[in-house]
Amino acid sequence: MERKFTKKRIGDKKPFKKDGDNAGFGGRGGDGARRGPRPPRMSIPKGTEINYKNIAFLQKCLTERGKLFSRRLTSANATQQRQICVAVKIARFLGLLPVGSSKRK
């Protein structure tokens, strides 16, 4: 049995999607389900003093390569994130924290 191929006509286009149809993330398709927020890798307990002397806390805010975790992952607000950034810079300058790692190839 032979297959018959039909030519597409100009009027055979699918209609445009409406705003509510299967929107998802920016209209990229899928079932439109959104994932919830990621659980934070760490949380900053209340009363934690953010300064350069608290090396154990600052190491939790850094990756193994020495980069700072983002606010989304540390669950810090903007003020706390700035304080962490300044404290890490001071601790690196004083030699309490490594500036980077030697894991690069």
Side-chain angles (χ1 to χ4, degrees):
M1 185 172 166
E2 292 182 33
R3 294 179 68 181
K4 294 182 180 180
F5 294 103
T6 57
K7 292 183 180 178
K8 280 194 168 184
R9 294 184 213 128
I10 295 174
D12 289 347
K13 292 183 180 177
K14 292 182 180 179
F16 290 108
K17 282 188 172 183
K18 295 178 184 173
D19 289 336
D21 292 346
N22 216 1
F25 285 108
R28 283 186 250 160
D31 60 350
R34 293 180 181 239
R35 287 186 279 162
R38 288 185 181 176
R41 290 191 181 189
M42 57 167 286
S43 60
I44 300 174
K46 284 192 173 184
T48 302
E49 189 175 344
I50 301 173
N51 62 8
Y52 68 94
K53 298 173 191 173
N54 195 351
I55 300 300
F57 171 73
L58 292 179
Q59 283 179 336
K60 291 179 185 176
C61 298
L62 297 175
T63 64
E64 59 188 23
R65 306 276 311 264
K67 296 180 180 181
L68 279 170
F69 282 126
S70 64
R71 284 179 49 201
R72 182 171 53 86
L73 296 175
T74 58
S75 71
N77 58 27
T79 307
Q80 290 172 335
Q81 186 71 11
R82 282 193 296 270
Q83 289 174 348
I84 291 170
C85 183
V86 169
V88 166
K89 287 178 182 179
I90 293 171
R92 284 177 178 162
F93 180 76
L94 294 175
L96 301 174
L97 284 176
V99 176
S101 73
S102 59
K103 290 192 175 187
R104 290 187 187 165
K105 293 181 180 180

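Given the structure is predicted, the values throughout are model-derived calculations rather than measurements.
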request  = Using atom types as modelled and distance alone, determine if a side-chain donor or acceptor of Arg71 lies under 3.5 Å from a backbone N or O of Ala76.
outcome  =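 Yes.
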
query: Do Ile55 and Leu94 belong to the same hydrophobic cluster, where Ile, Leu, Val, Met, Phe, Trp and Tyr are linked whenever their side-chain heavy atoms lie under 4.5 Å apart, directly or via other members?
result: yes

What are the two closest non-hydrogen atoms of Ile44 and Thr48, and how far apart are they?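 Heavy-atom minimum between the residues: CG2-CB, 4.2 Å.
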
Margin query: Under the criterion side chain to side chain contact (heavy atoms under 4.5 Å, CB included), I'd like the reasoning laid out for Leu58 against Leu62: C-alpha separation, chi angles, the key distance, then a yes or no.
Written below: CA-CA 7 Å; Leu58 292 179; Leu62 297 175; 5.5 Å; no

For residues 51-63, the side chain to side chain donor-acceptor pair (under 3.5 Å) pairs (sequence neighbours left out) are Glu49-Asn51

Validation: residues 81-88 side-chain donor-acceptor distances under 3.5 Å, sequence neighbours left out:
residue: Gln81; atom: OE1; partner: Thr74; partner atom: OG1; Å: 3.4
residue: Gln81; atom: NE2; partner: Phe69; partner atom: O; Å: 3.1

